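The structure under discussion appears below in the form of structure tokens.
Convention: sequence-line order gives letters A, B, ...; per-chain numbering from 1. For clarity, every value in this text was computed on a predicted model and none was experimentally measured.
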There are 2 protein chains.
Amino acid sequence: MKKIAIIGAGNIGKAAAKALLESPDFELCGFVRREEKAVSGFEKIPVGKSVFDFPEKPDGALVCFPSRLVEPVEKELLEAGIYTADCFDIHGELSAMRKRLNFSAEKGNVSCVIGAGWDPGLDSAIRTLMFSAFPENEIYTNFGPGMSMGHSAAAKSIGGIADAVSITLPLGKGKHARKIYTVLKKGADKNEVEHAILSDGYFEHDECSVEFVDSVKPFFNTEHGVLIESNFENQKMGFSMKIDNPTLTGRILVSAMRAAFLQKPGAYFMPEIPPCDFCEKGWQKYL
Amino acid sequence: MKKIAIIGAGNIGKAAAKALLESPDFELCGFVRREEKAVSGFEKIPVGKSVFDFPEKPDGALVCFPSRLVEPVEKELLEAGIYTADCFDIHGELSAMRKRLNFSAEKGNVSCVIGAGWDPGLDSAIRTLMFSAFPENEIYTNFGPGMSMGHSAAAKSIGGIADAVSITLPLGKGKHARKIYTVLKKGADKNEVEHAILSDGYFEHDECSVEFVDSVKPFFNTEHGVLIESNFENQKMGFSMKIDNPTLTGRILVSAMRAAFLQKPGAYFMPEIPPCDFCEKGWQKYL
């Protein structure tokens with residue numbers, strides 16, 4: 001049984017841990033986090049400041065840090081010969097990151113699956129299948145309404161912000177509005193913070209509005225959804241989900257980890273991997 | 001540009017020809033059919049009784065015969081070093097056929113993609129992705145209402161039947177009823193024909209009724225649809241299509257042909273192939 005470490009113990013890290021514990025083919029060997037204290041809900045799982053703190057080197061690691069902190073950690077793991085998967089979610093930076101991590105993966109003689117979350121990730125594989133049948137067509141991805149974990153984390157990392165929840169609202173044809181509920185840090189300037197959000201790469205392409213609140217609790221809800229549409233002449237295809245965002249992301253990360261071990265050394269996107277490689281035994285019954 | 005022959009000039013063969021002519025990376029080098037006359041709608045395309053009748057050996061061939069006639073033809077092509085794809089659609093026989101054709105493909109040092117139609121095929125890849133995320137869950141595939149080309153062809157091949165159209169009616173949770181509109185051959189016995197249909201492997205597992213008619217024309221309509229559902233706790237996934245059946249099947253066959261050239265020698269199902277391998281250039285924009 002392959003030993004897998006989880007890097008980060010936030011929402012995604014915990015969801016990935018749950019998914020790992022449910023998988024017959026993996027063993028969760030530990031969490032890596034800044035503070036060396038047990039992860040709530042996973043008190044029996046070892047915790048270290050680095051994967052190299054564990055008694056045995058893990059076979060693989062799920063990198064569950066916010067996207068912008070993923071790459072240096074993943075590079076180090078790969079070069080140390082540890083297979084990885086991440087759910088890096090900045091679409092525009094995927095290709096460049098893949099090139100760099102491909103180099104690290106080849107150096108460590110291992111593989112990684114990058115952008116292996118809900119979107120990019122599962123949705124990318126679905127869109128690629130739609131594109132394969134009707135390449136002339138425009139494919140639209142409509143998210144929400146629901147809380148975007150990536151955008152919420154991105155907002156939270158902006159200076160002057162104590163807490164934030166970013167809600168995605170579908171406008172149709174792949175366009176979205178975002179509402180960012182924001183708790184200011186003491187002494188922070190509203191105008192400066194609002195400007196910092198609206199000009200951030202995560203937000204600048206959408207119609208965004210910022211609302212300052214005392215607590216984001218009333219807006220925090222992990223239910224989310226998507227509708228991917230491809231309409232070509234009289235051919236209509238649609239893929240829809242209503243899901244619990246961290247649960248699905250955790251499941252996909254574990255599937256991607258499974259697939260990583262089956263690929264030749266290198267860095268991969270989900271559409272570059274045979275769907276069966278993500279699966280536990282038994283997929284053939286759905287042929 | 002790879003030269004592709006089409007074996008069979010029925011609905012699927014013609015749809016595959018149309019899809020090939022629309023593909024920038026393939027050249028349609030000819031039809032193979034019993035009678036050496038031009039295929040209506042494709043008068044400029046060469047016709048032969050065998051792929052070996054063409055001036056140059058094709059690089060690949062799309063086998064567009066009814067399922068039960070596919071294997072011997074495909075075996076011969078593979079062993080002669082010609083890549084193939086087919087839309088063989090008898091789910092229960094896929095694995096055994098794959099084993100045999102895998103042997104032929106390795107012998108000819110080429111690849112084939114089998115069961116590369118709508119279902120099995122595209123739907124299989126979608127179901128495999130759903131299974132990868134939520135393997136505990138039951139996945140239901142609900143077809144129709146619409147005409148099943150495979151079932152219509154299977155009924156037509158039964159003795160005593162001059163023409164037939166089989167309509168698939170969804171009953172929910174993956175159950176279906178089928179109505180088979182049947183034109184008898186002169187002198188054929190209604191009871192015997194009805195029994196032959198209902199005990200055929202294509203029909204015996206579903207709730208079927210046979211209606212004898214003078215012409216199937218009023219019932220012939222290539223519009224069809226599917227809804228694939230996976231519901232796990234609060235996680236719901238659905239894939240739906242409303243499509244023109246031969247058009248989609250032709251497109252998928254051409255995609256599978258493209259993918260065949262990228263695989264190591266052997267026989268493959270669609271879920272065993274990276275989605276990007278089915279694509280023309282440009283899939284990365286949907287990452």
Mind ranking [options] by heavy-atom pairs under 4.5 Å with chain A and telling me who comes out on top?
options: B/Pro275, B/Cys276, B/Pro135, B/Ser255; answer: B/Pro275
options: B/Arg127, B/Glu272, B/Arg251; answer: B/Arg251
options: B/Lys281, B/Met270, B/Glu136; answer: B/Glu136
options: B/Glu22, B/Glu223, B/Glu138, B/His91; answer: B/Glu138

For chain B, which of [options] has the most heavy-atom pairs under 4.5 Å?
options: A/Phe131, A/Phe134, A/Phe278; result: A/Phe131
options: A/Met130, A/Glu280, A/Arg258, A/Lys285; result: A/Glu280
options: A/Ala19, A/Ala133, A/Ser230; result: A/Ala133
options: A/Ile252, A/Ile228, A/Asp244; result: A/Asp244
options: A/Cys279, A/Ser95, A/Ala125, A/Gly115; result: A/Cys279

In terms of heavy-atom contacts, does [atom1] of [X] have more than 12 from other residues, nucleotides or ligands at under 6.0 Å?
X: A/Lys2; atom1: NZ; result: no
X: A/Phe261; atom1: CZ; result: yes
X: A/Phe103; atom1: CZ; result: no

Which value, rounded to the nearest 0.5 Å, describes the distance between [X] atom [atom1] and [Y] atom [atom2]?
X: A/Leu122; Y: B/Ser132; atom1: CG; atom2: OG; value: 6.5 Å
X: A/Met237; Y: B/Ser240; atom1: CE; atom2: OG; value: 10.0 Å
X: A/Asp277; Y: B/Thr128; atom1: CG; atom2: OG1; value: 11.0 Å
X: B/Asp119; Y: A/Leu287; atom1: CG; atom2: CG; value: 9.5 Å

Requested in this report: Below 4.5 Å from any heavy atom of chain B, which atoms of A/Gln263 appear? Answer side chain, backbone, both or neither.
Outcome: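 Interface part for A/Gln263: neither.
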
**Report entry** Side chain, backbone, both or neither of A/Gln284 within contact of chain B (heavy atoms, under 4.5 Å)
**Finding:**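 Looking at A/Gln284, nothing touches chain B.
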
Side-chain touch [X]/[Y], heavy atoms, less than 4.5 angstrom:
X: A/Lys236; Y: B/Ile243; result: no
X: A/Pro271; Y: B/Pro274; result: no
X: A/Tyr286; Y: B/Ser124; result: no

Query raised in the report: Any idea how B/Phe239 and A/Phe239 line up, ring-wise: parallel (<30°), tilted (30 to 60°), or perpendicular (>60°)?
Result: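 It falls in the tilted class, 30° to 60°.
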
